[in-house]
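These notes concern the structure reproduced below.
Keep in mind that what you see is a predicted model, and the values were worked out from it rather than measured. The analysis underlying the following values was restricted to heavy atoms, covering all of them including side chains, and did not include hydrogens, waters or symmetry mates.
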Amino acid sequence: MPTTYTIAELAREFDITARAIRFYEDQGLLRPSRAGVGGRNRVYTPRDRTRLKLTLRGKRLGLTLSEIKSIVDMYESPKDTVAQIDRFLGVLSHQRETLEQQRADIEMALEEISAHEEECRRLLAESTPPGASQAA
């Protein structure tokens, strides 16, 4: 009998909520079968577990759910692996550009904050009477 997982087991293993797993299911990233009275219990296969793992990895890389779904679905079809890898490289390249731009924006914002802090300290020093204590 193949290994199966409950939603609670996957949530515990990946340290996410059952609600997050249901959301990924709603987005078409996971397709568990149903068991129990009225099909109330979700039954996840090793394939679902792998798809969840790839989804979470994609989220850590900053990919959108549609990008993740496209990539994960792409690997389900072994038709043209060169095209699949090329597509994945394109997605990664785009994400790298986005993150590098964000890093540049953050550096610029930090420099502006430092300049404002320096100006505020200078103004405080000028407004503090000689011999008075200045809070650090």
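- Under a hydrophobic clustering in which Ile, Leu, Val, Met, Phe, Trp and Tyr are joined whenever their side-chain heavy atoms come within less than 4.5 Å, directly or via other members, Met108 and Leu110 fall into different clusters.
- Shown here is Glu117, whose CD atom has more than 12 heavy atoms of other residues, nucleotides or ligands within 6.0 Å.
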Report task. Evaluate the criterion side chain to side chain contact (heavy atoms under 4.5 Å, CB included) for residue pair Leu30 and Tyr44; output intermediate values, then yes/no. Result -> CA-CA 8 Å; Leu30 306 173; Tyr44 295 90; 4.2 Å; yes

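- Closest approach of Tyr24 to Leu65, counting heavy atoms only: CE2-CD2, 3.8 Å.
- Under the 3.5 Å distance criterion, the side-chain polar atoms of Arg51 are matched with a main-chain donor or acceptor of Leu29.
- Summarising the geometry of Thr3 relative to Pro46, their closest heavy-atom pair is O-CD, 3.1 Å, with the distance given to 0.1 Å.
- Note that OG1 of Thr4 is 9.5 Å distant from CG of Leu10, once rounded to the nearest 0.5 Å.
- Ala11 and Thr17 get closest at one heavy-atom pair: CB-C, 4.1 Å.
- Note on residues 56-70: pairs passing salt bridge (charged side-chain N to carboxylate O under 4.0 Å, His left out), not counting sequence neighbours, are Lys69-Asp73.
- You'll find the side chain of Arg22 reaches within 4.5 Å of the side chain of Ile7, heavy atoms only.
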Query raised in the report: Which is it for Thr64 and Ile68 under the side chain to side chain contact (heavy atoms under 4.5 Å, CB included) test, yes or no, and what are the steps along the way?
Result: CA-CA 6 Å; Thr64 66; Ile68 293 167; over 6 Å; no

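- Of all heavy-atom pairs spanning Asp48 and Val43, the tightest one is OD2-O, 4.2 Å.
- Every salt bridge (Lys or Arg N to Asp or Glu O under 4.0 Å) that Arg47 has, sequence neighbours left out, goes to Glu76.
- With hydrophobic clusters built from ILVMFWY side chains whose heavy atoms lie under 4.5 angstrom apart, Leu54 shares a cluster with Leu89.
- For Ser70 and Arg87, the side-chain atoms include at least one donor-acceptor pair closer than 3.5 Å.
- Applying the salt bridge (Lys or Arg N to Asp or Glu O under 4.0 Å) test to Arg122 and every residue at least two apart in sequence or in another chain returns Glu119, Glu126.
- Listed by chain and number, the residues in a side chain to side chain donor-acceptor pair (under 3.5 Å) with Glu111 amount to none (sequence neighbours excluded).
- Around CZ of Arg34, the count of heavy atoms belonging to other residues, nucleotides or ligands within 6.0 Å exceeds 12.
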Report task. Show your working on side chain to side chain contact (heavy atoms under 4.5 Å, CB included) between Ile21 and Ile16 and close with a plain yes or no. Result -> CA-CA 8 Å; Ile21 294 172; Ile16 59 175; 3.5 Å; yes

Show me the donor-acceptor pairs within less than 3.5 Å that the side chains of residues 92-100 make with the rest of the protein, sequence neighbours left out.
from  : atom 1 : to    : atom 2 : distance (Å)
Gln95 : NE2    : Leu61 : O      : 3.1
Gln95 : NE2    : Gly62 : O      : 3.3
Thr98 : OG1    : His94 : O      : 3.1

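- Each salt bridge (charged side-chain N to carboxylate O under 4.0 Å, His left out) pair with one or both residues in residues 6-18, not counting sequence neighbours, appears once here: Glu13-Arg49.
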